Amino acid sequence: MKLILLGAPGAGKGTQATKIAERYGIVHISTGDIFRANIKNGTEIGLLAKSYTDSGKLVPDEVTVAIVKDRLTWDDCKNGYLLDGFPRNLYQAEALDTFANIDGVVNINIDPNLLMDRLCGRRVCRECGESYHVSTLNGVTTCARCGGELYQRKDDNPETVGERLAVYNEQTAPLIDYYGKKGLILNFTGSEAPADVLFGEIVKVLDKLQ
Ligand code: AMP
């Protein structure tokens with residue numbers, strides 16, 4: 001199964017992506033994770049990407065598309081993959097069409113009023129990527145799942161979140177229509193539902209797609 005996960009920043013894509021990839025034995029490819037790993041390791045791509053990710057802007061399309069195009073040739077993609085955070089605009093979607101055949105696009109809709117608080121209060125595990133909200137942690141600083149250290153992403157601050165949401169509305173949201181016209185959109189509501197409930201809904205639909 002070859003899937004795309006769409007949704008605003010803070011919609012819960014990362015959490016669902018991990019669960020979906022595990023259940024269907026497909027690889028989770030997050031372009032945001034790829035950029036963060038490159039920045040951490042000080043690679044050439046990392047040096048280029050840093051100013052964009054720090055300010056909430058998109059890394060240039062040619063760079064991002066080349067990374068994904070290469071990543072999809074790896075052996076672990078043979079059973080399928082889930083793209084999380086890619087494509088982010090029409091240029092990337094059209095490029096993807098030239099080297100991939102997507103089976104479905106999971107679109108998580110969420111009340112936009114929830115996003116600023118969700119993202120600015122988010123804490124992420126350095127080891128496994130699990131997300132938490134500071135309001136439920138009661139001062140705990142380690143991951144309940146793997147014991148890893150929790151941290152706040154540099155771009156989870158009000159100013160950068162504002163920019164990321166604007167970029168989503170202007171550039172990424174039109175992809176709902178793009179994939180809708182191709183008959184690929186699978187719509188879900190992520191607002192207040194616990195992650196497991198939403199995952200149950202997604203599974204019901206993806207099981208039929210297999
Ligand atoms: P994310 O983890 O998906 O929220 O992505 C974090 C940041 O990485 C974004 O704000 C962008 O700066 C960059 N990024 C991730 N995916 C893409 C993409 N498909 N195109 C361009 N930039 C991206």
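Counting begins at 1 with the first residue of the sequence. If you're wondering where the values come from, they're calculated on a predicted model, not measured in any experiment. Every number for a ligand or one of its atoms is a count from 1 in the order of the listing.
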Legend entry - salt_bridge(Asp156, Arg123) N-O dist < 4.0 Å: no

Legend entry - Note: Glu22-Lys19 ion pair, threshold 4.0 Å (strictly below): no

Inset, instruction - For salt bridge (Lys or Arg N to Asp or Glu O under 4.0 Å), just list the numbers for Asp111 and Arg118, CA-CA rounded to whole Å, side-chain angles, deciding distance to a tenth of an Å, and then say yes or no. - result: CA-CA 11 Å; Asp111 176 354; Arg118 271 201 181 194; over 6 Å; no

Legend entry - Neighbour list for ligand 1 [protein residues, heavy atom under 4.0 Å]: Thr31, Gly32, Phe35, Arg36, Tyr52, Thr53, Lys57, Leu58, Val59, Thr64, Gly85, Phe86, Arg88, Gln92, Arg153, Asp155, Arg164

Legend entry - Qualifying residues under side chain to side chain contact (heavy atoms under 4.5 Å, CB included), relative to Lys182, sequence neighbours excluded: Asp97, Tyr178, Tyr179, Leu184

Inset, instruction - May I have all residue pairs that pass salt bridge (Lys or Arg N to Asp or Glu O under 4.0 Å) and include part of residues 30-46, sequence neighbours excluded? - result: Asp33-Arg36

Inset, instruction - Scan residues 55-64 for pairs that pass side-chain hydrogen bond (donor to acceptor under 3.5 Å, both in side chains), counting only residues two or more places apart or in two chains. - result: Lys57-Glu163, Asp61-Asn89, Asp61-Gln92

